[in-house]
Participant: 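Got a structure here, written out as structure tokens. Questions coming.
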Amino acid sequence: MRPCSRCFNLAEEELCDICRDPRRDAGLIVVVEQPKDLLAFEAGGLTTGVYHVLMGRVSALDGVEPRHLTIDALQKRIADGGVREVVLATNPTLEGDATALYLMEALADSGVTVTRLARGLPPGGQIEHANRSMLEAAFQGRQ
Ligand SMILES: [Zn+2]
């Protein structure tokens, strides 16, 4: 397994199964921190969109800065065109929120709609542990 060259999901080939699936909506990118968050969305069958895995979150405590994440690659995907909406699906934690705020500013001039999950998830909770109905409510209520 290796990171997908487009979205950084785990992949057996250059592109992961999701990026290679022509039925997926490449115009909707759900941005998550880790592959396990992507798995939570996939397990719930919540979106036909595609993903972008940041491979972490901004964390002063752990010395993780935006440049350590896959944000450059996300901006490149958007610049390539065809993207309508980016859903920021970072965890509802201080670090997840900080990461989402950074992305909102970084993508402000990108011309795509940037939304965030609704506050359906418990503060401090983790997407990977959210049940399907909570995750669905947060995704459907994104704004
Ligand atoms: Zn992929």
Side-chain angles (χ1 to χ4, degrees), residues 1-59 62-122 124-143:
M1 298 295 262
R2 53 177 166 164
C4 171
S5 66
R6 185 178 297 160
C7 77
F8 297 89
N9 181 26
L10 295 173
E12 288 171 0
E13 300 177 40
E14 187 184 348
L15 292 177
C16 71
D17 291 345
I18 295 168
C19 287
R20 280 188 293 135
D21 186 345
R23 291 166 300 183
R24 304 298 295 229
D25 176 5
L28 177 71
I29 300 180
V30 181
V31 178
V32 296
E33 295 178 21
Q34 301 286 352
K36 59 195 175 189
D37 300 323
L38 180 160
L39 289 177
F41 277 97
E42 282 297 289
L46 294 180
T47 179
T48 56
V50 294
Y51 297 91
H52 191 86
V53 182
L54 294 170
M55 303 304 285
R57 68 267 177 281
V58 177
S59 168
D62 296 330
V64 179
E65 297 173 27
R67 65 188 168 87
H68 296 127
L69 306 177
T70 63
I71 294 171
D72 283 355
L74 175 61
Q75 289 179 308
K76 209 167 290 171
R77 285 177 76 180
I78 293 168
D80 285 345
V83 180
R84 299 184 314 276
E85 180 181 350
V86 172
V87 183
L88 302 177
T90 53
N91 282 303
T93 60
L94 275 177
E95 292 171 342
D97 285 344
T99 305
L101 277 176
Y102 178 87
L103 282 168
M104 268 191 256
E105 286 175 20
L107 302 178
D109 298 326
S110 65
V112 300
T113 301
V114 181
T115 58
R116 286 194 69 182
L117 293 186
R119 285 284 161 192
L121 303 171
Q126 298 287 331
I127 286 170
E128 60 180 301
H129 297 131
N131 68 38
R132 187 188 184 282
S133 61
M134 286 195 314
L135 206 52
E136 182 172 33
F139 187 76
Q140 295 301 335
R142 66 188 188 273
Q143 51 198 359

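The residues of the chain are indexed from 1 along the displayed sequence. Side chains are part of it too, since the values below use all heavy atoms of this structure and drop only hydrogens, waters and symmetry mates. Atoms within a ligand are numbered from 1 in the order they appear, just like the ligands themselves. Here the structure is a predicted model, which means the values were calculated and not measured.
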Participant: Closest heavy-atom contact between Leu69 and Val64?
Facilitator: CD2-CG1, 3.9 Å

Participant: Over all heavy atoms of both residues, which pair between Leu88 and Ala100 is shortest? Give the atoms and the distance, please.
Facilitator: CD1-O, 3.5 Å

Participant: Return the minimal non-hydrogen interatomic distance between Ala26 and Val50, and the atom names on each side.
Facilitator: CA-CG2, 4.0 Å

Participant: What distance do Arg2 atom CZ and Glu13 atom CD have between them, rounded to the nearest 0.5 Å?
Facilitator: 8.0 Å

Participant: At less than 2.8 Å, how many protein N/O/S atoms surround the Zn ion (ligand 1)? Leave waters out.
Facilitator: 4

Participant: Going by salt bridge (Lys or Arg N to Asp or Glu O under 4.0 Å), name the pairs with one or both residues in residues 93-105, residues two or more places apart or in two chains.
Facilitator: Arg57-Glu95, Asp97-Arg116, Asp97-Arg119

Participant: Near Gln140 CD, under 6.0 Å, is it more than 12 heavy atoms from other residues, nucleotides or ligands?
Facilitator: yes

